[in-house]
Amino acid sequence: MTAIQKADFIDSVEAALQYISYYHPKDFIDSLHAAYQREQNPAAKDAMAQMLINSRMCAEGKRPICQDTGIVTAFVKIGMEVQWDTDLTIQEMVDEGVRRAYQSEDNPLRASIVKNPIGPRVNTKDNTPAVVHVEMVPGNTVDVTVAAKGGGSENKSKFVMLNPNDSIVDWVLKTVPTMGAGWCPPGMLGLGIGGTAEKAMVMAKESLMDPIDMHELLEKGAETPVEKLRVELFEKVNELGIGAQGLGGLTTVLDIKINDCPTHAASLPVAMIPNCAATRHAHFVLDGSGPSFVEPPSLDDWPVVTQEASESVKKVNLDGITQAEIESWNPGDTLLLSGKILTGRDAAHKKIKDLIESGEGLPEGVDFENRFIYYVGPVDPVRDEVVGPAGPTTSTRMDKYSDMMLNSKDTGGMGLMGMIGKAERGDVALAAIKRNKSVYLMAVGGAAYLVSKAIKQSKVVAFEELGMEAIYEFEVKDMPVTVAVDSMGESVHKTGPALWKVKIQEAK
Ligand SMILES: O=C(O)C[C@H](O)C(=O)O
């Protein structure tokens with residue numbers, strides 16, 4: 001029998017979660033770098049450059065790759081000959097490891113978990129609880145894989161119950177374009193095929209814990225039905241031309257992972273969960289000899305990447321920006337923003353809406369008129385930081401507030417001039433942008449530490465009780481963004497993928 005000590009388990013979970021917050025897996029870096037070198041769309045290539053530069057910065061600075069330091073998922077496989085020396089359950093021990101990792105004084109992570117999902121969605125402040133999957137297996141060790149899963153990619157999970165003779169490929173190729181870019185491609189798609197609905201989803205999630213090996217599979221040649229499906233989906237999903245950050249390009253997925261298992265004769269359950277540019281998972285085994293810590297990588301594992309200056313870079317001062325200047329920007333233009341911006345995301349927008357509808361109005365000192373909003377929930381600062389990693393959240397979730405925020409004050413709106421976030425805007429937002437001759441700018445998701453270096457001042461101006469979802473005022477200098485929707489309502493997230501899908505087809 002092997003006795004596993006509570007402290008060893010908790011210490012190992014804490015260390016692994018800290019590790020994955022700032023170290024990408026090497027297989028991910030190698031695969032992303034190869035995709036970067038292949039990429040022919042300058043905008044997608046620049047996005048991947050920012051991700052790679054950010055990744056190396058995080059490895060050096062030991063600060064989070066993404067401001068969304070995720071909801072923790074743990075797969076715990078307990079050997080049948082294991083004995084526990086603990087007064088806590090597996091869930092309680094994992095949660096204690098999460099609490100310590102996310103409340104670290106040296107590298108604080110972001111508390112992203114809210115209680116009672118249907119309201120009032122109060123933040124739990126310590127990022128617990130984790131989602132824990134426990135299994136009993138033969139042997140005398142405890143095998144643990146932990147992952148930090150961002151909300152942007154998790155929100156794009158899909159499930160379908162196909163008929164036994166339906167085409168999985170057809171369903172995936174129809175579904176992936178509906179997922180937009182909120183899952184921060186390039187990443188991976190994890191599929192769970194078979195079992196029952198819930199079994200398929202767990203298989204899909206667990207498949208994402210495997211290292212990226214598509215390059216090796218292509219070299220070896222696909223032999224089994226699963227390998228053949230992986231290769232077919234890999235090639236055909238990339239032929240969609242969605243590209244990095246949904247800007248259009250050659251690489252949308254770096255790998256396709258598939259777990260499968262027996263299922264009912266009448267069923268073909270298929271779950272698909274994307275993993276994003278912040279792919280974060282680590283594996284360790286406890287054998288009773290003490291805690292198990294993942295070996296830190298060498299900085300030599302990271303390629304040296306520099307950003308090629310784009311010809312269309314425009315330095316922009318948002319303080320005093322004019323309507324004419326906004327209307328001069330074209331889709332795809334690269335801007336370096338300086339000046340003051342306000343932040344706000346899901347919870348803040350709901351509060352603003354409630355305050356307006358109740359007639360109470362905005363808090364003293366909060367005025368969006370002629371301002372820009374940045375959809376972000378930052379990590380708390382540490383040491384001499386102004387703010388922790390602060391990359392964009394998915395803008396699409398705020399589409400329904402576009403009229404409220406963009407319409408002029410004399411028509412009952414907030415009079416906002418522009419929005420900054422990531423991923424595509426839906427038709428409601430595009431119409432509001434066009435009607436108000438506003439603009440939507442895109443910052444790269446998955447380059448949060450790099451983006452934070454452009455933030456020179458930060459203060460909470462409203463809704464402090466919302467934690468990372470409060471309204472902050474940032475002062476930025478040379479914050480890199482791309483014009484994603486211009487004042488005419490043209491969206492690069494529509495034109496880019498459509499153009500590159502054709503280019504890829506023509507090049508075949
Ligand atoms: O929560 C965040 O900061 C980002 C989120 O993961 C998203 O991609 O929308």
Side-chain angles (χ1 to χ4, degrees), residues 20-21 24 47 50-51 54 58 63-73 102 108-114 117 121 123-125 127 131 147-157 179-188 205 208 242 244-247 273-281 341 343-350 373-381 387-401 419-426 429 440-452 455 458 463 466-472 474 481 484 493:
I20 64 175
S21 74
H24 265 124
Q50 289 190 50
M51 292 172 189
N54 178 77
C58 296
R63 291 293 275 143
I65 294 164
C66 180
Q67 75 294 334
D68 183 355
T69 46
I71 183 168
V72 173
T73 298
Y102 280 71
L109 307 181
R110 191 186 80 181
S112 304
I113 309 307
V114 294
R121 297 178 65 88
N123 194 300
T124 62
K125 303 296 187 198
N127 214 60
V131 174
K149 193 70 166 54
S153 59
E154 196 66 9
N155 287 355
K156 303 297 184 177
S157 302
M179 295 157 58
W183 59 283
C184 276
M188 302 154 72
K205 179 59 67 64
L208 293 169
I242 295 166
Q245 298 290 295
L247 293 168
I273 303 179
N275 222 2
C276 58
T279 287
R280 297 163 292 194
H281 51 82
I341 56 180
T343 77
R345 49 182 280 167
D346 311 77
H349 279 79
K350 181 159 187 322
I373 195 167
Y374 178 30
Y375 302 134
V376 62
V379 177
D380 287 341
V387 65
T393 197
T394 302
S395 310
T396 326
R397 299 197 310 268
M398 270 55 79
D399 280 359
K400 65 183 180 182
Y401 301 106
M419 303 161 287
I420 307 162
K422 73 158 171 123
E424 72 287 350
R425 303 311 299 259
Y440 167 54
L441 310 175
M442 194 205 88
V444 170
Y449 195 32
L450 177 64
V451 169
S452 74
I455 302 169
S458 168
F463 310 153
L466 296 180
M468 59 93 174
E469 298 209 61
I471 296 181
Y472 293 74
F474 286 167
V481 296
H493 288 104

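Just follow the structure's listing: the first ligand is 1, and inside any ligand the first atom is 1. All values below come from the heavy atoms of this structure, side chains included, with hydrogens, waters and symmetry mates left out.
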Please confirm whether R110 comes under 4.0 Å of ligand 1, counting heavy atoms of the residue only. yes
Please report which non-hydrogen protein atom sits nearest to atom 8 (O) of ligand 1, along with the residue it belongs to and the distance in Å to one decimal place. K422 NZ, 2.8 Å
Looking at every heavy atom in both S458 and F474, which two are closest together, and how far apart are they? OG-CE2, 3.3 Å
When you look at NZ of K400, are more than 12 heavy atoms from neighbouring residues, nucleotides or ligands closer to it than 6.0 Å? no
Relative to the heavy atoms of G151, which atoms of ligand 1 are at a distance of less than 4.0 Å? 6 (O)
Numbered atoms of ligand 1 (with element) below 4.0 Å of Q67, judged on heavy atoms: 2 (C), 3 (O), 4 (C)
If you define the side chain from C-beta out and look only at heavy atoms, does anything of M442 sit under 4.5 Å from R425? no
State whether the shortest distance between N or O atoms of G150 and N or O atoms of ligand 1 falls below 3.5 angstrom. no
Can you list the residues that meet the salt bridge (Lys or Arg N to Asp or Glu O under 4.0 Å) rule with R110, with sequence neighbours excluded? D68
Looking at R397, which atoms of ligand 1 are within less than 4.0 Å of one of its heavy atoms? 7 (C), 9 (O)
Ranking T394, D68, V376 by closest non-hydrogen atom to atom 6 (O) of ligand 1, top hit is D68
K422 versus T394, side-chain donor and acceptor atoms under 3.5 Å: yes
of all protein heavy atoms, closest to atom 2 (C) of ligand 1 is R345 NH1, 3.1 Å
Please tell me if the side chains of Y102 and I113 come closer than 4.5 Å, counting only heavy atoms from C-beta onward. no
Short side-chain to backbone donor-acceptor contact, Q67 and G391, under 3.5 Å: yes
Any atom of ligand 1 sitting under 4.0 Å from a heavy atom of M468? no
Would you indicate which of D346, N155, V379, T393 comes nearest to atom 4 (C) of ligand 1 when only heavy atoms are counted? T393
